[in-house]
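Let me begin by presenting the structure, written as structure tokens, before commenting on it.
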Amino acid sequence: MRLYSTQTPTHQVSLKEAVMRGLPPDNGLYMPLEIPQLPADFWASARSLTFPELSFQVAHTVLGKALPEAVLYEIVTKAISFDTPVVSIEDQTGILELFHGPTLAFKDVGARFMGNLMSYYNQGEKRSLTILVATSGDTGGAVANGFYKKEGIEVVILYPKGKVSPIQERQLTTLGENVQALAIEGTFDDCQAMVKKAFLDQTLAQHRRLTSANSINISRLIPQSFYYFRAWQQTGDQPLTFIVPSGNFGNLTGGLFAWKMGLPVHRFIAATNINDTVPAYLASGDYQPKASIQTYANAMDVGNPSNFVRMQALFGGKTEEMQKMILGAYFDDVQILDAIRRVHQASAYELDPHTAIGYLAWQSLKEAHNLHQGIILGTAHPAKFQPIMKKALGQEVALPPNLAHLMDKTPIYQTLPADFQALKDFLLSQS
């Protein structure tokens with residue numbers, strides 16, 4: 001398998017180099033040279049496969065001979081140790097529940113796959129590998145869990161101070177061991193910009209082996225295609241419309257990978273909060289990144305999503321082709337609360353703020369575009385957002401056991417300004 005940089009397509013590398021570097025030296029993103037179609041015999045047997053077996057077949061098709069089959073099978077089966085069921089909440093409306101992993105967020109799938117893959121590639125290295133990651137909410141906890149106590153690997157997580165939920169903060173600040181957290185006095189976009197600069201800094205490169213665990217790393221993006229196939233496996237044969245709550249757009253890009261491999265998809269809906277950079281582009285054809293705004297759906301507070309360049313690459317840079325396949329919609333905090341309340345009153349189902357945006361997008365677009373069989377990606381367990389759920393429902397939702405124990409723990413982090421030099425100094429002091 002070969003991958004190229006979206007910035008310089010002639011710059012091509014192996015899977016190992018793409019995974020371990022994270023970001024190309026030209027500040028582009030790595031993309032596969034080709035996304036192969038799944039063979040006919042896959043579709044003939046796919047409905048009867050277990051989720052790990054299904055995921056292995058998809059991964060093996062994409063990655064080819066980049067890894068020994070036995071190694072890839074072990075990596076996949078260790079990552080896919082929980083299901084992602086589709087739950088019907090209304091006629092022609094299902095929620096693909098992606099929050100049954102250890103940190104109760106969709107990012108568990110990609111983070112666990114990436115943790116296992118990097119551990120394999122890191123064998124025999126004398127210098128430790130530093131995973132440097134920015135998070136707007138759930139990524140930090142998933143990455144911390146996915147790399148916790150991995151030999152020869154250290155994790156440094158940047159998150160916007162005061163802009164993640166209390167439970168999210170505890171998930172990424174209380175593990176200790178090989179996981180460190182940095183609370184940045186700024187936004188997620190500030191955190192992401194600092195991380196990108198770190199990868200391009202020559203002084204840091206001489207002192208530390210750095211890579212990323214954000215969805216800018218291709219090894220977290222590829223496994224995010226797996227659960228789209230799992231959704232298809234649980235539904236009928238008609239093409240599906242996937243409604244994807246979106247921030248940095250890794251999840252939607254994973255869906256596009258699945259579609260390119262042959263998954264029967266009718267349309268995608270990019271659903272955002274008022275950070276509407278991509279929905280605005282889909283409406284106008286004009287991409288205008290902007291400063292992010294804090295909302296109740298904090299994991300989606302992204303004004304300049306990194307994976308947009310991958311989306312462009314998948315459509316050959318043709319705006320019109322992307323507009324044919326992807327619809328966009330955005331909603332504010334008042335609408336989020338109303339959707340949580342209405343769905344709970346109608347069916348007792350609890351939507352987290354991000355999944356509520358997906359529900360709103362589906363409701364607003366399905367009739368106008370004659371859409372059928374909508375699958376909304378349920379991105380996180382509602383208990384991770386207690387203050388918002390209480391605003392909507394007048395009460396908190398029940399805490400699962402693996403979240404309840406976190407509330408007795410004290411967050412441990414170091415505060416830094418939103419300044420790259422501060423991060424550089426921190427990393428150099430730790431080397």
Side-chain angles (χ1 to χ4, degrees), residues 84-100 104-107 136-138 165 227-228 230-232 234-235 239-247 249 251-252 254-255 265-276 278-279 282 295-302 326-395 397:
T84 57
V86 173
V87 176
S88 178
I89 61 167
E90 295 174 0
D91 184 45
Q92 297 292 298
T93 304
I95 305 289
L96 177 62
E97 292 189 341
L98 302 176
F99 47 77
H100 294 283
L104 306 186
F106 79 90
K107 296 176 182 181
S136 56
D138 287 328
S165 77
Y227 39 73
Y228 286 89
R230 178 69 181 121
W232 165 83
Q234 298 173 72
T235 53
L240 303 173
T241 295
F242 285 101
I243 307 93
V244 189
S246 301
F249 280 81
N251 218 7
L252 197 148
V265 180
H266 180 54
R267 299 289 280 274
F268 290 96
I269 297 177
T272 75
N273 54 27
I274 58 174
N275 295 283
D276 65 338
V278 171
L282 292 169
T295 74
Y296 289 160
N298 67 286
M300 296 157 62
D301 292 348
V302 183
I326 306 175
L327 301 169
Y330 68 94
F331 302 91
D332 63 24
D333 284 349
V334 173
Q335 292 169 300
I336 291 171
L337 294 179
D338 182 62
I340 294 171
R341 190 179 303 115
R342 283 191 289 114
V343 170
H344 189 260
Q345 289 173 347
S347 65
Y349 192 87
E350 296 168 339
L351 298 172
D352 82 278
H354 309 79
T355 309
I357 288 176
Y359 175 82
L360 287 164
W362 174 239
Q363 292 298 313
S364 69
L365 295 174
K366 63 179 181 179
E367 291 185 6
H369 293 272
N370 194 30
L371 304 175
H372 304 284
Q373 193 57 48
I375 301 295
I376 303 164
L377 271 63
T379 56
H381 195 289
K384 299 183 77 170
F385 308 94
Q386 292 288 20
I388 312 305
M389 300 305 294
K390 190 170 184 178
K391 278 180 182 288
L393 303 178
Q395 60 186 24
V397 300

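The basis for the numbers below is simple: all heavy atoms, side chains too, and nothing from hydrogens, waters or symmetry mates.
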Student check: side-chain heavy atoms of E90 and Y359 closer than 4.5 Å:
yes

Tell me, do I357 and Y296 make a side-chain contact under 4.5 Å, heavy atoms counted?
no

Evaluate the criterion side-chain contact (heavy atoms from CB on, under 4.5 Å) for residue pair L252 and I326; output intermediate values, then yes/no.
CA-CA 10 Å; L252 197 148; I326 306 175; 3.9 Å; yes

Nearest heavy atoms of E97 and Y349, plus distance in Å:
OE2-OH, 2.5 Å

About how many Å separate OG1 of T379 and CG of L98, when rounded to the nearest 0.5 Å?
7.5 Å

Please confirm whether the backbone N or O of T295 pairs with a side-chain atom of D301, one donor and one acceptor, at under 3.5 Å?
yes

What residue pairs, at least two apart or across chains, pass ring-ring contact (aromatic ring centres under 6.0 Å, His included) with a residue in residues 366-395?
F99-H381, H354-F385

Student check: side-chain heavy atoms of R342 and L360 closer than 4.5 Å:
yes

If you measure from CG on L365 to OG1 on T241, what distance do you get to the nearest 0.5 Å?
10.0 Å

Worked check of side-chain contact (heavy atoms from CB on, under 4.5 Å) between K366 and I243:
CA-CA 10 Å; K366 63 179 181 179; I243 307 93; over 6 Å; no

Would you find a donor on one side and an acceptor on the other, under 3.5 Å apart, between the side chain of D276 and the backbone of P279?
no

Rounded to the nearest 0.5 Å, the CZ atom of R230 sits from the OG1 atom of T235 at a distance of 10.0 Å

Output yes when a side-chain donor or acceptor of S246 lies under 3.5 Å from a complementary backbone atom of T272, and no otherwise.
no

What's the shortest heavy-atom distance between A270 and V278, and which atoms?
CB-CG1, 4.5 Å

CZ-CG distance between R267 and L327, expressed to the nearest 0.5 angstrom
4.0 Å

Which atoms form the tightest heavy-atom contact between G378 and T355, and what is the distance?
CA-OG1, 3.4 Å

Donor-acceptor contacts under 3.5 Å from residues 386-393 side chains, at least two apart:
| residue | atom | partner | partner atom | Å |
| --- | --- | --- | --- | --- |
| Q386 | OE1 | V397 | N | 3.0 |
| Q386 | NE2 | V397 | O | 2.8 |

From Y227 OH over to F242 CZ, what is the distance, rounded to the nearest 0.5 angstrom?
11.0 Å

Measure the CD1-CD distance between I376 and Q363 for me, rounded to the nearest 0.5 Å.
7.0 Å

Does any non-hydrogen side-chain atom of P353 lie less than 4.5 Å from one of M300?
no

Would the distance check show the side chain of E350 and the main-chain N or O of A383 forming a donor-acceptor pair, the cut-off being under 3.5 Å?
no

So V244 and Y228, do their side chains get closer than 4.5 Å, heavy atoms only?
yes

For the side chain of S364 and the backbone of A361, is there at least one donor-acceptor N/O pair under 3.5 Å apart?
yes

Please check this pair: side chain of N273 against backbone of A297, looking for a donor-acceptor N/O pair closer than 3.5 Å.
yes

For K384, is there any backbone N or O sitting under 3.5 Å from a side-chain donor or acceptor partner on S165?
yes

Determine whether a donor-acceptor pair (N or O, by modelled atom type, separation under 3.5 Å) exists between the side chain of Q335 and the backbone of D332.
yes

Under 3.5 Å, is there a donor-acceptor pair between the side chain of T93 and the main chain of I89?
no

Please examine the side chains of T84 and L96, heavy atoms only from C-beta on, and report whether any two atoms are closer than 4.5 Å.
yes

